[in-house]
Amino acid sequence: MTPAYSLWVMEYAAVPNYPQSGLIYGMHNQGTRKLPYCYIVIKGQGQLAMVDVGYNHKAHGEMLANTYGVRGWHPPLEVLGEIGIKPQDVSNIFITHCHFDHMGNIEDFPKATFYLQERELSKWVWSMSLHRRFRWLMLGIDPADIMRAVDLARQGRLVAVEGDRENVLPGVDLHAAFDTHTWGSMYVTVRNDLATNSQNSWVFCGDLAYGYENLRGHDPKDPEYIPIGLATGSQFNVIMTAEEMVKSVGGDVHRVIPPHEERLKDLYPSRITKAGLRITELALADGDTSQVR
């Protein structure tokens with residue numbers, strides 16, 4: 001069956017040398033790897049949607065990016081233009097969590113409705129209210145992004161999701177992952193055959209996995225779940241969510257897509273743009289032209 005949606009992973013920046021221990025729990029003193037910063041485009045069924053929006057390289061977002069060693073940032077107008085779309089054409093955006101590199105560019109999508117777990121937003125407001133000695137909890141958060149998300153509600157462009165929600169678009173489901181990487185993380189499932197018991201599902205996991213080691217360990221012949229390097233919540237919850245995600249795609253870990261995973265290029269067709277950014281094509285709906293060939 002022809003996929004219902006075209007799916008692309010769009011790199012917009014990267015950290016050239018990110019410590020392994022920040023990505024895979026326990027990998028201390030084992031070097032670095034490239035950490036691409038990406039968002040997901042979902043196109044089909046008369047819809048244009050995204051998973052996450054990246055960040056805007058200015059003010060506190062720029063400061064955070066410099067702290068983490070981010071290089072080569074490019075705006076959505078340029079990044080999305082590589083596949084022939086514009087930010088103002090995007091109608092629905094699913095925010096996996098509020099860290100700056102996932103929710104830091106709300107203002108560049110003026111016509112989109114944003115979906116975010118209510119717990120994610122309210123707990124970051126609570127965290128902001130705590131005494132300064134609790135500031136570790138705010139790692140990766142730009143308080144201005146939280147205020148912009150609240151303003152989306154004022155504009156009527158925020159859907160505060162409470163738990164799981166099926167068919168937010170045809171075949172697109174949202175799944176809560178509370179107290180994992182963040183207070184109210186969520187992942188997005190695309191059932192690309194639109195079937196209830198899908199045989200063609202994809203999971204877009206945000207930062208619930210940074211790389212495939214989190215989902216299958218270091219030896220694919222003897223798989224294990226290894227938590228991510230940063231969790232505001234429970235590493236136990238991270239592991240159990242990994243099991244949930246992998247089961248939902250029939251055990252095929254390569255259909256769980258960590259947007260920070262550089263090795264997607266070894267699994268799926270991709271190309272490098274003139275700006276040095278990678279576009280990875282996971283699926284192509286009927287009538288769409290490949291953007292990587």
All pairs passing ring pair (Phe, Tyr, Trp, His ring centres under 6.0 Å) where residues 198-221 contributes a residue, at least two apart: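 Sorted pair list: H181-Y210, W202-Y268, Y210-H260, Y212-H254.
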Please report the shortest heavy-atom distance between [X] and [Y], naming the atom on each side.
X	Y	answer
H74	V79	O-CG2, 3.7 Å
K34	P36	O-CD, 3.5 Å
L158	A149	CD2-O, 3.7 Å
E82	I279	CB-CD1, 3.6 Å
P259	H102	CG-CE1, 4.4 Å
G69	P16	O-CD, 3.5 Å

F94: ring-ring contact (aromatic ring centres under 6.0 Å, His included) partners, not counting sequence neighbours: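 If we apply the ring-ring contact (aromatic ring centres under 6.0 Å, His included) test to F94, skipping adjacent residues, the hits are Y115.
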What I'd like to find out is whether the side chain of [X] reaches to under 4.5 Å of the side chain of [Y], using heavy atoms alone.
X	Y	result
L48	I85	yes
L35	L23	yes
W8	Y39	no
Q20	T32	no
S201	R255	no
Y187	E244	yes
I83	M10	yes
I40	D52	no

Looking only at the side chains, is there a donor atom on one of [X] and [Y] sitting less than 3.5 Å from an acceptor on the other?
X	Y	value
R119	Q117	no
T113	N92	no
W183	S122	no
E281	S270	no
R71	N66	no
S234	D179	no

Audit row: T180, N237, side chain to side chain donor-acceptor pair (under 3.5 Å) steps and yes/no: CA-CA 5 Å; T180 52; N237 290 342; over 6 Å; no
Criterion side chain to side chain contact (heavy atoms under 4.5 Å, CB included) on L215 and V246, from CA distance to verdict: CA-CA 8 Å; L215 300 169; V246 171; 4.2 Å; yes
Residues, nucleotides or ligands: over 12 heavy atoms within 6.0 Å of D286 CG: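 Count not over threshold, so no.
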Atom CE of M147 with >12 non-hydrogen neighbours under 6.0 angstrom: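 No, because the 6.0 Å sphere around CE of M147 holds 12 heavy atoms or fewer from other groups.
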Worked verdict on V159 versus L116 for side chain to side chain contact (heavy atoms under 4.5 Å, CB included): CA-CA 6 Å; V159 178; L116 175 68; over 6 Å; no
Salt-bridged, [X] to [Y], with N to O below 4.0 Å?
X	Y	value
E11	R278	no
R263	D266	no
K43	D288	yes
E213	R33	yes

Residue from H97, E120, H99 passing side chain to side chain donor-acceptor pair (under 3.5 Å) with T182: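 Output: one option passes, namely E120.
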Verdict with supporting geometry, D151 and R148, salt bridge (Lys or Arg N to Asp or Glu O under 4.0 Å): CA-CA 5 Å; D151 193 60; R148 278 186 280 268; over 6 Å; no
Derivation of the side chain to side chain contact (heavy atoms under 4.5 Å, CB included) call for S185 and D207: CA-CA 8 Å; S185 289; D207 284 358; over 6 Å; no
Using distance only, find each side-chain donor-acceptor pair of residues 220-230 under 3.5 Å and give its atom names and separation, not counting sequence neighbours.
{"unit_1": "Y225", "atom_1": "OH", "unit_2": "E243", "atom_2": "OE1", "d": "2.6"}

Rounded distance [0.5 Å steps], CD1 in I93 versus NZ in K111: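 Here the rounded value is 13.0 Å.
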Separation of N192 CG from L284 CG (nearest 0.5 Å):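 One gets 10.5 Å once the value is rounded to the nearest 0.5 Å.
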Chi angles and distances behind the side chain to side chain contact (heavy atoms under 4.5 Å, CB included) call for F109, L80: CA-CA 12 Å; F109 297 87; L80 297 177; 3.9 Å; yes
Y55-H57 aromatic ring centre distance below 6.0 Å: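 Here the rings of H57 and Y55 have centres that are less than 6.0 Å from each other.
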Sole candidate of D145, L121, I141, D142 that passes side chain to side chain contact (heavy atoms under 4.5 Å, CB included) when paired with M103: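 Among D145, L121, I141, D142, the one meeting side chain to side chain contact (heavy atoms under 4.5 Å, CB included) with M103 is D145.
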Donor-acceptor contact below 3.5 Å, side chain D252 vs main chain V249: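 Here the side-chain-to-backbone pair does not exist.
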Donor-acceptor under 3.5 Å (D164 side chain, A176 main chain):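 Present.
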Path from L77 to Y12 over hydrophobic side-chain contacts below 4.5 Å: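 The answer is no; the residues belong to distinct hydrophobic clusters.
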